[in-house]
Peer 1: 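One structure, as structure tokens, below. Some questions next.
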Number of protein chains: 2
Amino acid sequence: MSLRHAVLGLLTSGPASGYDLMKRFESSLGYVWSATQSQLYGELTKMADEGLVEVAAEGPRGRKEYAITEDGRAALLHWMTEVEPEPLRRNGLLLRAFFLHLVEPDKAVAFLRHQADLAAQQHEELSKLAELVAEEEPCPENTSGRIVLEYGLRASATYRDWADWAEKQI
Amino acid sequence: MSLRHAVLGLLTSGPASGYDLMKRFESSLGYVWSATQSQLYGELTKMADEGLVEVAAEGPRGRKEYAITEDGRAALLHWMTEVEPEPLRRNGLLLRAFFLHLVEPDKAVAFLRHQADLAAQQHEELSKLAELVAEEEPCPENTSGRIVLEYGLRASATYRDWADWAEKQI
DNA sequence: GCATGCATGTAATCCGTTACATGATTTA
DNA sequence: TAAATCATGTAACGGATTACATGCATGC
């Protein structure tokens with residue numbers, strides 16, 4: 001039920017069309033919450049019905065610019081501070097790791113090696129991104145972005161090191 | 001589509017009923033892949049139709065004990081080694097962190113403080129579990145369990161430290 | 001005899017993905 | 001004028017959750 005909160009969050013920096021939002025999901029936000037085009041358009045319509053957003057302007061090609069309403073803003077803040085985040089309950093990587101003893105040792109090693117490589121690669125990409133972001137001038141808006149990026153850096157390093165370690169255990 | 005793989009994995013250690021499997025999801029496996037009772041029973045029926053499992057025995061109260069078949073075992077091994085795990089695409093905690101600049105600083109700090117506490121608590125619980133597991137005699141079956149547990153320890157420590165760090169940034 | 005636990009299932013609903021379908025506008 | 005991009009939507013399907021519904025067996 002959090003797609004709408006992702007949308008509300010994006011709309012706090014100004015009105016946007018479904019198409020605009022889609023691009024933002026594809027670039028930055030998608031690492032943290034993803035959505036397909038279909039789902040996004042459907043959700044926007046529902047949110048407008050419920051008064052969380054409104055069509056602020058219409059443009060060429062049937063473009064509809066949505067803006068967050070007061071109700072929408074309230075719903076977002078409520079969700080951020082009052083709703084307990086639910087822990088992650090599905091991780092396909094760990095599920096595989098859980099049954100790793102079932103495959104031949106060399107396959108298990110290959111799996112972990114591959115995971116370590118992927119994590120290392122992701123870590124490098126995020127490091128480069130962090131360098132770019134570090135050059136921007138600081139403001140509250142991108143402090144949040146940096147905090148999330150820092151999480152990405154730490155999590156990918158942890159995953160990489162764990163996969164390295166696990167490989168040696170086998 | 002991985003509930004079935006979780007089920008197949010559990011059935012490699014012997015036949016079990018839906019009820020038995022449910023208990024295992026609730027205790028250990030649920031941290032890594034969760035399922036509701038409805039979903040589990042439905043999936044077992046489908047898997048039996050597809051020949052991945054079979055009813056090996058029936059007991060009192062309509063109890064049906066399912067056993068993994070050769071096809072099921074093949075499907076599991078295929079999934080483990082040949083199917084590329086998909087990266088996680090939804091994290092409600094990071095989604096909140098991404099928009100943290102929208103709430104008042106003291107609320108943001110409280111949020112991160114709370115997250116750090118939860119992670120610390122989880123880390124402690126896992127540490128205790130790790131001590132218990134360390135006493136068991138080593139065998140391939142629980143090596144996988146230890147590897148997953150180690151991941152839990154590292155990930156919760158990372159998350160705790162990150163939340164501590166982020167709190168100081170605000 | 002009653003509470004607890006064992007045991008399975010169905011129905012409604014929602015969330016998410018894939019695929020399909022359409023058309024306007026801009027730019028080279 | 002053709003290609004790329006902008007722009008929105010619908011339909012079918014599968015996965016997941018919630019709620020409901022039922023009943024047997026065991027132990028106190």
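Letters A, B, ... mirror the listed sequences (proteins, then strands); counts begin at 1.
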Peer 1: With sequence neighbours left out, which residue pairs that include part of residues 54-65 of chain A fulfil the side chain to side chain donor-acceptor pair (under 3.5 Å) condition?
Peer 2: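 The answer is A:Ser17-A:Arg63, A:Asp20-A:Arg63, A:Arg63-A:Glu65.
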Peer 1: Which pairs with one or both residues in residues 120-134 of chain B pass side chain to side chain donor-acceptor pair (under 3.5 Å), sequence neighbours excluded?
Peer 2: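 Residue pairs passing side chain to side chain donor-acceptor pair (under 3.5 Å), neighbours aside: B:His123-B:Ser156.
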Peer 1: Which letter, B, S or -, goes with each nucleotide of nucleotides 20-28 of chain C from 5' to 3', with contact meaning a protein heavy atom under 4.0 Å?
Peer 2: ---BBB---
Peer 1: When the nearest nucleotide of DNA chain D is assigned to B:Leu3 and to A:Gly42 on a heavy-atom basis, which residue is associated with the more 5' position?
Peer 2: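 Result: A:Gly42.
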Peer 1: Let me know the distance between CD of A:Glu50 and P of C:dC14, rounded to the nearest Å.
Peer 2: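 It works out to 11 Å between those atoms.
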Peer 1: Taking only N and O in the side chain of B:Arg63, is any of them less than 4.0 Å away from OP1 or OP2 of C:dG9?
Peer 2: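 For C:dG9, OP1/OP2 do not have a side-chain N/O of B:Arg63 under 4.0 Å.
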Peer 1: Once you round it to whole Å, what is the distance between P of C:dG16 and CD of A:Glu43?
Peer 2: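 So the two atoms are 8 Å apart, to the nearest Å.
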Peer 1: Residues two or more places apart in sequence or in another chain: which of them pass side-chain hydrogen bond (donor to acceptor under 3.5 Å, both in side chains) with A:Glu43?
Peer 2: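 With sequence neighbours excluded, A:Glu43 shows a side-chain hydrogen bond (donor to acceptor under 3.5 Å, both in side chains) to A:Arg4, given in chain and number order.
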Peer 1: Does B:Lys46 put a side-chain nitrogen or oxygen below 4.0 Å from OP1 or OP2 of D:dG14?
Peer 2: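 So the side-chain polar atoms of B:Lys46 never come under 4.0 Å of the phosphate oxygens OP1 or OP2 of D:dG14.
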Peer 1: Would you say B:Tyr31 has more than 12 foreign heavy atoms packed within less than 6.0 Å of its OH?
Peer 2: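 Counting other residues, nucleotides and ligands, OH of B:Tyr31 stays at 12 neighbours or fewer.
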Peer 1: Which residue pairs satisfy the salt bridge (charged side-chain N to carboxylate O under 4.0 Å, His left out) criterion with at least one member in residues 142-156 of chain A, sequence neighbours excluded?
Peer 2: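 Counting only pairs at least two positions apart or across chains, the salt bridge (charged side-chain N to carboxylate O under 4.0 Å, His left out) contacts touching residues 142-156 of chain A are A:Glu150-A:Arg154.
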Peer 1: Just to verify, what does B:Arg113 make a side-chain hydrogen bond (donor to acceptor under 3.5 Å, both in side chains) with, not counting sequence neighbours?
Peer 2: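 Testing B:Arg113 for side-chain hydrogen bond (donor to acceptor under 3.5 Å, both in side chains), a comparison that skips the adjacent residues, returns B:Asp117, B:Asp164, B:Glu167.
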Peer 1: Measure CH2/A:Trp33 against P/C:dT17 and give the value in whole Å, please.
Peer 2: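 One finds 10 Å between P of C:dT17 and CH2 of A:Trp33, rounded.
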Peer 1: So what does B:Arg90 touch, heavy atoms closer than 4.0 Å: a base, only the sugar-phosphate, or nothing?
Peer 2: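 Sugar-phosphate contact only.
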Peer 1: Between atom CD in A:Glu26 and atom P in D:dA7, what is the gap in whole Å?
Peer 2: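 Taking atom P of D:dA7 as the reference, CD of A:Glu26 is at 14 Å.
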Peer 1: So which of residues 74-81 of chain B are in contact with DNA chain D, with a heavy-atom cut-off of under 4.0 Å?
Peer 2: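 Close to the strand, none.
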Peer 1: Could you give all pairs that pass the salt bridge (charged side-chain N to carboxylate O under 4.0 Å, His left out) test and reach residues 71-90 of chain A, with sequence neighbours left out?
Peer 2: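 Salt bridge (charged side-chain N to carboxylate O under 4.0 Å, His left out) check on residues 71-90 of chain A returns A:Glu82-B:Lys107.
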Peer 1: Check the side chains of B:Thr143 and A:His101 for a donor-acceptor pair under 3.5 angstrom, ignoring hydrogens and angles.
Peer 2: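 Absent: no donor and acceptor within the cut-off.
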Peer 1: Check ring-ring contact (aromatic ring centres under 6.0 Å, His included) between B:Trp33 and all other residues, then give those that pass, not counting sequence neighbours.
Peer 2: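 B:Trp33 satisfies ring-ring contact (aromatic ring centres under 6.0 Å, His included) with no residue once adjacent residues are dropped.
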Peer 1: From C-beta outward on A:Tyr19, which listed nucleotide comes closest to its side chain: C:dT8, D:dC6, C:dT17?
Peer 2: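 It is D:dC6.
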Peer 1: Rounded to the Å, how far apart are A:Arg24 CZ and D:dA7 C1'?
Peer 2: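 For the pair A:Arg24 CZ and D:dA7 C1', the rounded distance is 16 Å.
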Peer 1: Looking only at the side chain of A:Met1 (C-beta and beyond, no hydrogens), which of the listed nucleotides D:dT5, C:dC15, D:dG9 gets closest?
Peer 2: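 The nucleotide sitting nearest to the side chain is C:dC15.
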Peer 1: Between OH of B:Tyr19 and CG of B:Leu40, what distance do you get to the nearest 0.5 Å?
Peer 2: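 B:Tyr19 atom OH to B:Leu40 atom CG measures 12.5 Å (nearest 0.5 Å).
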Peer 1: Roughly how many Å is it from CG in A:Leu40 to P in D:dA7, rounded to a whole number?
Peer 2: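 It works out to 13 Å between those atoms.
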Peer 1: Return whichever of B:Arg89 or B:Asp20 has its heavy-atom-nearest nucleotide of DNA chain C closer to the 5' end.
Peer 2: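 Result of the comparison: B:Asp20.
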Peer 1: Could you note down all residue pairs passing ring-ring contact (aromatic ring centres under 6.0 Å, His included) where residues 62-90 of chain B supplies at least one of them, sequence neighbours left out?
Peer 2: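 Counting only pairs at least two positions apart or across chains, the ring-ring contact (aromatic ring centres under 6.0 Å, His included) contacts touching residues 62-90 of chain B are B:His5-B:Trp79.
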Peer 1: Of all the choices, D:dT18, D:dC6, D:dT8, which nucleotide is nearest to the side chain of A:Lys23 once you look at every atom?
Peer 2: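 Selected nucleotide (nearest to the side chain): D:dC6.
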Peer 1: Would you work out how much the helix from C:dG1-D:dC28 to C:dA28-D:dT1 bends between its ends, with each end axis defined by five base pairs, to 10 degrees?
Peer 2: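 It comes to 20° between the two terminal axes.
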Peer 1: Using whole Å, what does the distance between atom P of nucleotide D:dA19 and atom CD of B:Gln39 come to?
Peer 2: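 Computing the B:Gln39:CD to D:dA19:P distance gives 16 Å.
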Peer 1: Quick one: name the residues clustered hydrophobically with B:Leu132, using the 4.5 Å side-chain heavy-atom rule over I, L, V, M, F, W, Y, and just say none if it's on its own.
Peer 2: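 Besides B:Leu132, the cluster holds no residue at all.
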Peer 1: How close or far is atom C1' of D:dA19 from atom OH of B:Tyr41, stated in whole angstroms?
Peer 2: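 Spelled out: OH on B:Tyr41 to C1' on D:dA19 is 16 Å.
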Peer 1: Go nucleotide by nucleotide along DNA chain C from the 5' end; which of B:Tyr66 and A:Thr36 gets its closest nucleotide reached first?
Peer 2: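 Closest to the 5' end, via its nearest nucleotide, is B:Tyr66.
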